[in-house]
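I have placed the structure first, in the form of C-alpha cells, so that the comments after it can refer back to it.
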2 protein chains.
Amino acid sequence: MSTSATTPRTTREAKVDARRDELAESALVTLGERGYARTSLREIAQNSPYSHGVVHYYFDNKVELITYCVRYYKAQCATRYDELVATSTTADELLGRFADKLVETLTDEPQMHRLWYDLRTQAMFEESLREAVLEIDHSLELMIWRVVSRFAELAGARPALDRGTAYALLDGVFEKALLEHLTGTGAALESLRERALTLMPSLISS
Amino acid sequence: MSTSATTPRTTREAKVDARRDELAESALVTLGERGYARTSLREIAQNSPYSHGVVHYYFDNKVELITYCVRYYKAQCATRYDELVATSTTADELLGRFADKLVETLTDEPQMHRLWYDLRTQAMFEESLREAVLEIDHSLELMIWRVVSRFAELAGARPALDRGTAYALLDGVFEKALLEHLTGTGAALESLRERALTLMPSLISS
DNA sequence: GAGAAGTCTTGACACTCGTCAAGCGCCCTC
DNA sequence: GAGGGCGCTTGACGAGTGTCAAGACTTCTC
C-alpha cells in the first residue's frame, strides 16, 4: 500500500530532481563561460539536450534557476579541502597540500570561480540572489576555517585571527590570483602557491 | 593667427571633454545604482540633462563610455590615502587615520565600490574591459603600497610582504566588509576598522 | 544677417530577452 | 488497445536593448 503509493511518487520526484540537476549543470557551464548577466535561458538550453521552453517547466523563473545552480554548485566545492584536512598528519604536510589544492582548482576550474565572484558581486545589487549567495559564502568561510584551525592544531598553536578575517585574507589572495590567471599574467599559479605558503603561518601564533 | 586658430579649437575640445565628463558622472551614478549589466544607455541619459541619443555623439559605443567612466573614476579614488600618508608623523597616527578612512569611504561611497568590484569581475569575462580595469587595479595596488611602505618606514621596520600580496589582503578585507555592509550585517563598519588595525602591523616586520 | 558648423532630440531599426500558451508524442495504466 | 497524464517542443508576445539616421535648434563665422 504505502510502497505502491509512495514509490512511484518518489521516483517521479527523483526524476524531476535529476532533470533539475541536469539543467543546473548545463546552466553552470554556460554561466561559467559567459557570466551571469550575459547568459540567457535560450543559451543554457542550447548547452543542454533540451529546448528553451523546458526551463520554465522545471523552474518558475530565471532567478530560481540561478539560485538552484548556486546551491548545487556549493555541494561540489564547499568540501574541497576536507579530505586534506582529515588526512594530513603534520602542519607542513597540510600547508603544502592546501597550497597545491588551491593551485589545482585555480587551474582546473577558473570558470567556476569567476562565476562565483560574479554571483557574489551581483548579490550586492540584486536582493533576490542574496540569500543563496550569503549561504554559500558562509559555508566557504567555514571550510577555510576548518583548514586554518586544523593547521594551528597540528602546529601546536592557535589561530591568530577570527574566522571572518582569515577567510577575507585567503579569499583576497585567491581572487587576485584568479584575475591574474585569466588576464594573462603567466606567473599567477606559482605566485598563488607562494603567497599561500607564506600567509598561512602568519594566521597562527604561539 | 595661431591663437585665433588654436584657441577656438582647444576650447571646443575642452567643451567636448567637459560633456564627456558630465556624461561619465551621470553614468557612474547609474552604474553604481544598477550595476554594469543592468545599466542601459537610456537609463544613463535619464540621469543626465540629455536625451539618449547624445551618448553616441560623444562616445562610439557603450564599452567606450564605460571605459571612459572607469578611468574617470580612477582619478577620483586612486589618491584617496595620499594626503594621510603625506601628513602622518607616527606609525600609530597613520594606522588610525587609514582605518578611519577605510570606514569613511565604505560608508560614503558603497555604490562606487560595488561598481568597481562589478567591473573588475566583468573584466574576467569581457576582454574589452580588461585594459582599463587592470590599469586602475594596478594604480590601486600602488596606492595601498604607498600606505604600507610608509607605515613600515614610520615604524622603523620594512614590509614583510610583497606589493601584490599586501594589496590582495587589504582588498579581501575591504570587499568582505562591503558585502556585509550592503547585505545588512550592522557590525560591518566596526569590524572593518578592527581588522585593518590588527592586519596592518602584521604586514611589516623587524 | 545669411550661411555653416556644431549640438542635441526624436524616432525608428533589428535584435534579444523572459515568459507562456498551445499542442505534439510518448509511456503508463486500466 | 484506448485513454490520459506527463515531458517536451514550438512559436509567439511585449518589453527592452544598442545603434544610427534624419532633422531641429543653437552658436559661431564671415
Please give, in whole Å, the distance from [N] [atom2] to [X] [atom1]?
X: B:Arg38; N: C:dC17; atom1: CZ; atom2: P; value: 16 Å
X: A:Ile44; N: C:dT16; atom1: CD1; atom2: P; value: 17 Å
X: B:Asp60; N: D:dT19; atom1: CG; atom2: P; value: 9 Å
X: B:Lys62; N: D:dT17; atom1: NZ; atom2: C1'; value: 8 Å
X: B:His56; N: D:dA21; atom1: NE2; atom2: C1'; value: 12 Å
X: B:Lys15; N: D:dT26; atom1: NZ; atom2: P; value: 14 Å
X: A:Glu22; N: D:dG7; atom1: CD; atom2: C1'; value: 13 Å
X: A:Asn61; N: D:dA15; atom1: CG; atom2: C1'; value: 17 Å

Do we get [X] above [Y]'s six-membered ring, with its NZ or CZ under 6.0 Å from the centre and within 45° of the axis?
X: B:Lys101; Y: B:Phe174; result: no
X: A:Lys74; Y: A:Tyr68; result: no
X: A:Arg34; Y: B:Phe125; result: no

| query | Which residue, A:Arg19 or B:Val63, contacts DNA chain D at a nucleotide closer to its 5' end, judged by nearest heavy atom? | reply |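 Its nucleotide being nearer the 5' end, the pick is A:Arg19.
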The contact string for nucleotides 9-15 of chain C, one letter per nucleotide 5' to 3', using protein heavy atoms under 4.0 Å with B, S and - for base, sugar-phosphate only and none, comes out as BBBB---
Margin query: At less than 4.0 Å, is any side-chain N or O atom of B:Tyr58 found next to OP1 or OP2 of C:dT7? Yes or no.
Written below: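 No, no such contact exists.
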- Is there a side-chain polar atom (N or O) of A:Ser40 under 4.0 Å from OP1 or OP2 of C:dC17?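 Checking C:dC17 against A:Ser40, a side-chain N or O does come within under 4.0 Å of OP1 or OP2.
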Pair A:Asn47, A:Glu43: side-chain N/O donor-acceptor within cut-off below 3.5 Å =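 On atom types as modelled, these side chains do not qualify, holding no pair under 3.5 Å.
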Can you list the steps and then say if B:Asp162 with B:Thr165 is a side-chain contact (heavy atoms from CB on, under 4.5 Å)? CA-CA 6 Å; B:Asp162 66 297; B:Thr165 307; 2.4 Å; yes
inquiry  = Could you check whether any side-chain N or O of B:Arg158 sits under 3.5 Å from a backbone N or O of B:Ser149, counting only pairs where one atom can act as donor and the other as acceptor?
reply    =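 The answer is no, because no donor-acceptor pair under 3.5 Å joins these two groups.
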If you count the non-hydrogen atoms of other residues, nucleotides and ligands that lie under 6.0 Å from CD in A:Glu194, is the total more than 12?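 No, CD of A:Glu194 has 12 or fewer neighbouring heavy atoms, counting only those of other groups under 6.0 Å.
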